[in-house]
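Residue numbers start from 1 in every chain, and the chains themselves are labelled A, B, ... in the order their sequence lines are given, proteins ahead of strands. The figures here come from the full heavy-atom set of this structure, side chains too, leaving out hydrogens, waters and symmetry mates.
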Number of protein chains: 2
Amino acid sequence: MKKRLNADIQKPKIVKHFYKTILGQGFEGASIAKVAKRMNIHPSLILHYFGNKENLTLALVDYVIEAYNSLLKKYKAKDLAPEDRLERLLEAIWSREYYEKINVAGSFAVLAVSFRNEKIHGKIRDLYRIFKKFLVREFRFLIDNNLICMDDPEQTAEIIMTMIEGSRHFRAFIIDDDRDDDQVRRYNQEMISVARKLLTSFSS
Amino acid sequence: MKKRLNADIQKPKIVKHFYKTILGQGFEGASIAKVAKRMNIHPSLILHYFGNKENLTLALVDYVIEAYNSLLKKYKAKDLAPEDRLERLLEAIWSREYYEKINVAGSFAVLAVSFRNEKIHGKIRDLYRIFKKFLVREFRFLIDNNLICMDDPEQTAEIIMTMIEGSRHFRAFIIDDDRDDDQVRRYNQEMISVARKLLTSFSS
DNA sequence: TATAATTAACTGAACGATCAGTTAATTATT
DNA sequence: AATAATTAACTGATCGTTCAGTTAATTATA
């Protein structure tokens with residue numbers, strides 16, 4: 001006697017299970033049937049809610065993007081003393097919480113698909129635009145308080161974003177054993193250190 | 001009356017067409033049948049040569065990795081004056097030739113698959129190890145000639161690699177119109193400039 | 001040099017499994 | 001009784017794979 005759930009609950013649930021299936025089986029391996037099996041529902045129910053796989057995929061992308069976006073919304077440093085805000089920002093960016101919010105395999109799957117789907121590519125581009133704006137706003141605050149200096153905050157934001165995405169890549173492929181927490185922590189500290197120098201000692 | 005080609009010619013040809021198919025259809029969309037159709041051969045011929053799709057995939061990864069590796073082999077700066085070698089290195093790393101050698105969509109497809117295939121993951125890790133060694137060797141030469149200074153060449157190599165991979169990411173997703181050459185060129189110059197400062201003015 | 005033996009390149013048809021998607025029926029909730 | 005949730009049964013296409021057989025190129029033999 002399975003309880004019936006309404007669309008508001010069931011739809012996000014399906015998306016989440018789709019995401020989990022992708023993590024285990026990859027994008028190509030994540031069929032509607034497998035998602036349904038994992039949820040113990042009928043495959044047709046998924047198509048009933050999403051119409052087709054394209055829509056399910058787009059919903060997944062929204063889910064992943066929203067997960068990232070929530071990190072920015074959560075980030076509140078207004079109450080901190082200006083001199084502490086730089087450290088807070090750097091630590092947030094290279095924190096476990098940030099880069100583990102969405103599994104790196106999940107990210108890559110979505111990014112790979114985006115090359116063949118302009119809608120998805122656009123959504124990702126939007127996410128980065130929002131993130132860039134966020135960084136520029138933080139930089140401007142720090143500049144106004146004479147804590148850092150730079151010629152072009154937009155340009156500097158681009159460099160920091162490059163380093164952030166590079167770090168995600170690095171942790172996944174270059175660090176020998178990704179279970180070695182010390183190595184990862186040391187690497188993150190390295191990156192924070194470089195970013196700090198970049199923000200405080202360069203005049204561009 | 002199709003001419004018969006021997007394995008030495010046909011096998012790499014199949015791998016290249018597999019790669020091209022992935023670019024157009026994505027990894028999940030690149031079936032053996034589609035590759036065969038593109039080549040105007042019978043699907044069975046592909047299996048005749050590779051046995052199964054897994055082997056074809058591994059051959060593709062080798063092909064992509066070899067393409068990258070060839071860039072390092074090609075890189076010769078021994079004849080240059082020591083003071084020119086830093087610029088040569090930076091320009092090579094952020095050159096069109098380097099980052100367009102393998103299409104970014106192709107790279108992402110391979111990287112995404114690697115999360116579910118330890119063999120592929122290992123091959124990619126090996127590639128990065130080789131690249132790191134290459135960078136460290138170049139850095140040591142520059143240090144010996146008093147052109148740059150740093151505490152830990154290995155650590156610096158990691159940072160530069162992070163920036164390189166981040167750049168690939170950035171160009172794909174963050175720059176508004178990826179056909180705008182000027183914007184890309186300006187961005188590459190930015191990154192070269194940051195890398196140069198990092199190598200010349202930091203004591204770590 | 002001609003021919004037979006062997007190897008390598010290649011094709012065709014068929015396999016069971018799985019895919020996304022359609023249509024219709026059933027069941028629960030309000 | 002009306003509506004929404006869920007399942008059942010099914011379709012046609014495509015997937016990777018197997019296997020038996022054909023055709024061409026190469027090598028050995030007479």
Taking all atoms of both residues into account, what is the closest heavy-atom pair of Ser167(B) and Thr162(A), and its distance? N-CG2, 3.3 Å

Would you find more than 12 non-hydrogen atoms of other residues, nucleotides or ligands less than 6.0 Å from Glu97(A) atom CD? no

Work out which heavy atom in Ala30(A) is nearest to a heavy atom in Ile22(A); give both atom names and the distance. CB-CG1, 3.6 Å

Do Tyr98(B) and Glu91(B) meet the criterion of a side-chain donor-acceptor pair at a distance under 3.5 Å? no

Residue His42(B), side-chain heavy atoms: nucleotide from dG21(C), dC19(C), dG12(C) that is nearest: dG12(C)

Could you verify whether a donor N or O on one side chain and an acceptor N or O on the other, from Asn188(B) and Arg171(B), lie under 3.5 Å apart? yes

Could you tell me how far apart Glu28(A) (CD) and dA20(C) (P) are, to the nearest whole angstrom? 12 Å

Distance only, no hydrogens: is a donor on one side chain within 3.5 Å (strictly under) of an acceptor on the other, for Ser107(B) and Tyr68(B)? yes

Among residues 43-61 of chain B, which contact DNA chain D at a heavy-atom distance under 4.0 Å? Ser44(B), Leu47(B), Asn52(B), Lys53(B)

Separation of atom CD1 in Ile41(B) from atom P in dC10(C), rounded to whole Å: 8 Å

Run through Ile32(A), Asn52(A), Val15(A) and flag the one making a side chain to side chain contact (heavy atoms under 4.5 Å, CB included) with Ile46(A). Ile32(A)

Per the under-4.0 Å heavy-atom filter, residues of residues 5-23 of chain B near DNA chain C come out as Leu5(B), Asn6(B), Ala7(B), Gln10(B)

Got more than 12 heavy atoms from elsewhere within 6.0 Å of NZ, Lys20(B)? no

